[in-house]
Chemist: 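Quick one: the structure is below, and I'll ask about it shortly.
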Number of protein chains: 2
Amino acid sequence: MKGDVQTPISDIEREIIAFFVNAAQSIGLPKSYGEIYGLFFASEHPLALDEVINKLQISKGSASQGIRFLKSINALNAIYLPGDRRDHYVAETSLRLIADGLINQKIAPQLREGIERLKSLKNQYEPSELAPLKSKIKNIDLWNKKAELLLPFVSKYLGPKASKNKSKKL
Amino acid sequence: MKGDVQTPISDIEREIIAFFVNAAQSIGLPKSYGEIYGLFFASEHPLALDEVINKLQISKGSASQGIRFLKSINALNAIYLPGDRRDHYVAETSLRLIADGLINQKIAPQLREGIERLKSLKNQYEPSELAPLKSKIKNIDLWNKKAELLLPFVSKYLGPKASKNKSKKL
DNA sequence: CATTTTGTACAATTATAATTGAACCTTATG
DNA sequence: CATAAGGTTCAATTATAATTGTACAAAATG
């Protein structure tokens, strides 16, 4: 089952992939991540690494890294297929779960880095040195607090409802 | 008043600028935009293009483009100073206004592009061709709708309160 | 336990995006 | 109306990030 001639992706699949490539790039992710997610999203069945490589014509390294990243933000779920050594995945279709993953893995750490940076600034200088900038620094503190409060809120707003994929008269 | 020896930026200013450089990069903006905004943010008085160039030691082109972008998202406000031909600006300190600018200038257009892309996909193919992907496409539609609703919500959440810079016993 | 399969790590390469600097408008000024 | 100052534009350069491809590690197979 190794030397299989892979079914090439269809025009529609290509367009769905293009949609996710665009989406990925617009949030600053490599295009290959968008391609990979798009491929999984459009696929009827779980896919393994080598199928991604063959269908998208990208390198092993790209495919491996892309899958790892997508796993890390919960955009791909591992599926166990008996009798196949390869790891298989399917696309997560709940916007909320993916957004949560992105928030927790990428956005929140970044935000915290900024908060730390500011904290160390406040510790590093004498109050007299800070005085002229005091109100400005206070203002950034406020921004950080707002941002921190916003994140869980976005998550809640994106809602748990999205994933309810009840097979409607399929 | 041209050949002035510019006061170099202080250590604290440098750190505030570093904070915004980090912030800019974390949302996918060029580091120079962060530098420029940081400089304005830390400044006590309005600044003009050539002061940005001198203090940050960046090129005219970068400074010009950076200022233009920051204006476009409402992160800089123009200030009129009588007797000086140069355009002066101050940093906007309301998180909400800047977030609104970013949303309107960068995020929303991108979102709409995705929606258009999807719409054209649906028009381009026969229902029979789309059938197998129908529920998936419907799902993306849902994502788009949620995202569209989320934007004004984020804006409202960031609130109008931020800018209330009442000079507290200064 | 040698061999194959699956997946990862990472230096080298390639592609993309940011920055520079010079040419060029536009408006003010004497 | 010639000159200078403020600002923009954009092709060329430089810096950054993504992608490849090879070498490697881990696990299964016979």
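Order of the sequence lines sets the chain letters (A, B, ...), proteins ahead of strands, with each chain counted from 1.
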Chemist: Please check: side-chain N/O of A/K136 versus main-chain N/O of B/S43, any donor-acceptor pairing under 3.5 Å?
Modeler: yes

Chemist: Nearest-Å distance, CG (A/L81) to C1' (C/dT5)?
Modeler: 16 Å

Chemist: Give the rounded distance in Å between these two atoms: CZ of A/R85 and C1' of D/dT29.
Modeler: 7 Å

Chemist: On the nucleotide D/dG21, are OP1 or OP2 found under 4.0 Å from the side-chain N or O atoms that A/S59 carries?
Modeler: no

Chemist: Nearest whole Å is fine: how far is D/dG6 C1' from B/Y89 OH?
Modeler: 11 Å

Chemist: Tell me, do A/L133 and B/E44 make a side-chain contact under 4.5 Å, heavy atoms counted?
Modeler: no

Chemist: Under a 4.0 Å N-O cut-off, is there an ion pair linking B/D141 with B/K138?
Modeler: no

Chemist: Could you work out which one of C/dT8, D/dT19, C/dT19 sits closest to the side chain of A/S62?
Modeler: D/dT19

Chemist: Kindly give the heavy-atom pair with the smallest separation between B/V52 and B/L39, and that separation in Å.
Modeler: CA-CD2, 3.9 Å

Chemist: Atom CD of B/Q25 and atom C1' of D/dA17: how far apart are they, to the nearest Å?
Modeler: 12 Å

Chemist: Side chain of A/K60 only, please: which of C/dT20, C/dG7, D/dG7 is the nearest?
Modeler: C/dG7

Chemist: Among D/dA18, D/dG7, C/dA18, which nucleotide has an atom closest to any side-chain atom of A/P30?
Modeler: D/dA18

Chemist: With a 4.0 Å cutoff (strictly under), does any side-chain N or O of A/S32 reach OP1 or OP2 of D/dA18?
Modeler: no

Chemist: Whole angstroms only, please: what is the CZ-C1' distance between B/R86 and D/dA4?
Modeler: 15 Å

Chemist: May I ask you to say whether A/E116 pairs ionically with A/K119, meaning some side-chain N is under 4.0 Å from a carboxylate O?
Modeler: yes

Chemist: Using a heavy-atom distance cut-off of less than 4.0 Å, which residues of residues 65-80 of chain B contact DNA chain D?
Modeler: B/Q65, B/R68

Chemist: Give the C-alpha distance, both sets of side-chain angles, the deciding distance and a yes or no for side chain to side chain contact (heavy atoms under 4.5 Å, CB included) between B/I67 and B/D87.
Modeler: CA-CA 11 Å; B/I67 289 172; B/D87 297 338; over 6 Å; no

Chemist: Expressed as a whole number of angstroms, how long is the span from B/D50:CG to D/dA5:P?
Modeler: 11 Å

Chemist: Using a strict 4.0 Å threshold on nitrogen-to-oxygen distance, state whether A/D100 and A/R96 make a salt bridge.
Modeler: yes

Chemist: For A/L49 and C/dA9, give me the distance from atom CG to atom C1', rounded to whole Å.
Modeler: 14 Å

Chemist: Could you check how far NZ of A/K31 sits from P of D/dA18, rounded to whole Å?
Modeler: 13 Å

